[in-house]
Amino acid sequence: MPVMKDIRNIVILSGAGISAESGIDTFRSEGGLWERHRVEDVATPEAFARDPDLVLRFYDMRRAAIQTKEPNAAHLALARLDAEWPGELLIVTQNVDDLHERAGAERVLHMHGEHLLAWCTACDTRSPWTGTLIERPPCPVCGERALRPDVVWFGEMPYRMDEIYAALREADLFVSIGTSGAVYPAAGFVRNAREMGAHTLELNLEPSKGTRWFEEARHGPATQIVPAWVDEVLSAAS
Ligand code: BJW
């Protein structure tokens, strides 16, 4: 752990592992989503063009499921850090669930989109969405039946990359939580942050694909290791 008085700007990258203990499936763990659904069938623009019903059903199912789940101790600990950390802090999440926000975190950026938004490809607006899309409802803004899940598929550009790279450039501490390090550009953030002088820490159930890039790693369930780390950071800073 670096000396906390030297740390002002924190960037946290979260992934599916932080929501696993809330009962939301990860992608690549045993029994994860990609064991039951082929990525090429449900998470690419080509799949949506080829078989929109299959893709819409997949996302309708997941959108309904996340609304029955609750934030866990790891989301709550990060929300506490967000509320109490006096310096800059940004939670960049790859997750499309809203558990960071429901835990109370405010400085959250969804680089892979959000389940609870629908994107109209006709008028390019995003509307809050809790129901289904399979029946092709009209866009609440323009009335066209051109809504799709507001998520980033393979081959599409993740959201708000300029903001993310700007935060990484200024980061003193970069922490990656519950992500396998299999998907770029997120998997490369640790190297970006390190090149700019940040201390780098991995918090994950097991060593991720990119674990060698981190200066420090702690392994275990997020609901245990994240609250413990947040306690340490806040007490060292006070
Ligand atoms: C726990 C736990 C517990 C479990 N406690 N931990 C060749 C080389 C390099 C790149 C490419 C390449 N070929 C193609 C690419 C690019 C491609 C890519 O990365 N492909 C790879 C497969 C190689 N990337 C893209 O296409 C991206 N766009 C892009 O690159 O644009 C161009 C660009 C260029 C330059 C700069 C910027 C952009 C888009 C990627 C979109 C990803 N979309 C998805 C679906 C989103 C919607 C949805 O939810 O359906 O995003 S895929 C899926 O993977 C989802 C996730 O956000 C993402 C990452 O998954 P995550 O979160 O890491 O989950 P898992 O399951 O992999 O890991 C969970 C971890 O938790 C594990 O390690 C567990 O151990 C751990 N864990 N329980 C703590 N209790």
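Side-chain atoms are counted along with the backbone in the values below, which use heavy atoms only and exclude waters and symmetry mates. For ligands, and for the atoms within them, numbers begin at 1 and follow the listed sequence. As the structure is a computational prediction, the values presented were derived from the model and not from experiment.
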Does only the side chain of [X] get under 4.0 Å from ligand 1, or the backbone, or both, or neither? Count heavy atoms.
X    : answer
Y59  : side chain
T179 : both
P158 : side chain
S180 : both
E21  : side chain
V96  : side chain

Carboxylate-amine/guanidinium proximity below 4.0 Å for [X] and [Y]:
X    : Y    : value
R136 : D53  : yes
E232 : R218 : yes
D150 : R126 : yes
E156 : R148 : yes
D60  : R57  : no
R80  : D231 : yes
R36  : D25  : yes

Please work out which of [options] has its closest non-hydrogen atom nearest to [atom].
atom                    : options               : result
atom 73 (O) of ligand 1 : N204, N72, V226       : N204
atom 59 (C) of ligand 1 : H115, Q94, Q224, H110 : Q94
atom 40 (C) of ligand 1 : V183, L13, T223       : V183
atom 65 (P) of ligand 1 : H219, H112, M157, R28 : R28

Give a yes or no on whether E84 atom CD has more than 12 heavy-atom contacts from other residues, nucleotides or ligands under 6.0 Å away.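 Result for CD/E84: enclosed.
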
Top protein contact for [atom], by heavy-atom distance:
atom                    : result
atom 20 (N) of ligand 1 : F154 CE2, 3.7 Å
atom 5 (N) of ligand 1  : A222 N, 2.9 Å
atom 56 (C) of ligand 1 : F27 CE1, 3.5 Å
atom 6 (N) of ligand 1  : L205 N, 3.2 Å
atom 21 (C) of ligand 1 : A182 O, 3.5 Å

Look only at interatomic distance and state if [X] has a nitrogen or oxygen under 3.5 Å from any nitrogen or oxygen of ligand 1.
X    : result
Y184 : yes
E206 : yes
A16  : yes
G155 : yes
R62  : yes

What atoms in ligand 1 come closer than 4.0 Å to a heavy atom of [X]?
X    : value
G15  : 62 (O)
G178 : 6 (N), 69 (C), 70 (C), 71 (O)
V152 : 41 (C), 42 (C), 43 (N), 44 (C), 45 (C), 46 (C)
A20  : 78 (N)
P221 : 5 (N)

Which value, rounded to the nearest 0.5 Å, describes the distance between D172 atom CG and I7 atom CD1?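 The distance works out to 5.0 Å.
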
side-chain contact (heavy atoms from CB on, under 4.5 Å) partner of S176, chosen from V190, I12, L13, T200: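 Considering V190, I12, L13, T200, a side-chain contact (heavy atoms from CB on, under 4.5 Å) with S176 is found only for L13.
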
Got L78 and V226 here, is their nearest side-chain heavy-atom distance under 4.5 Å?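 In short, these two side chains touch, coming nearer than 4.5 Å.
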
M61: which other cluster members, linking ILVMFWY side chains closer than 4.5 Å, directly or transitively?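 Direct or chained contacts put M61 with F27, L33, W34, V39, V42, F48, L54, V55, L56, F58, Y59, V96, W129, L133, I134, L147, V151, W153, F154, V183.
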
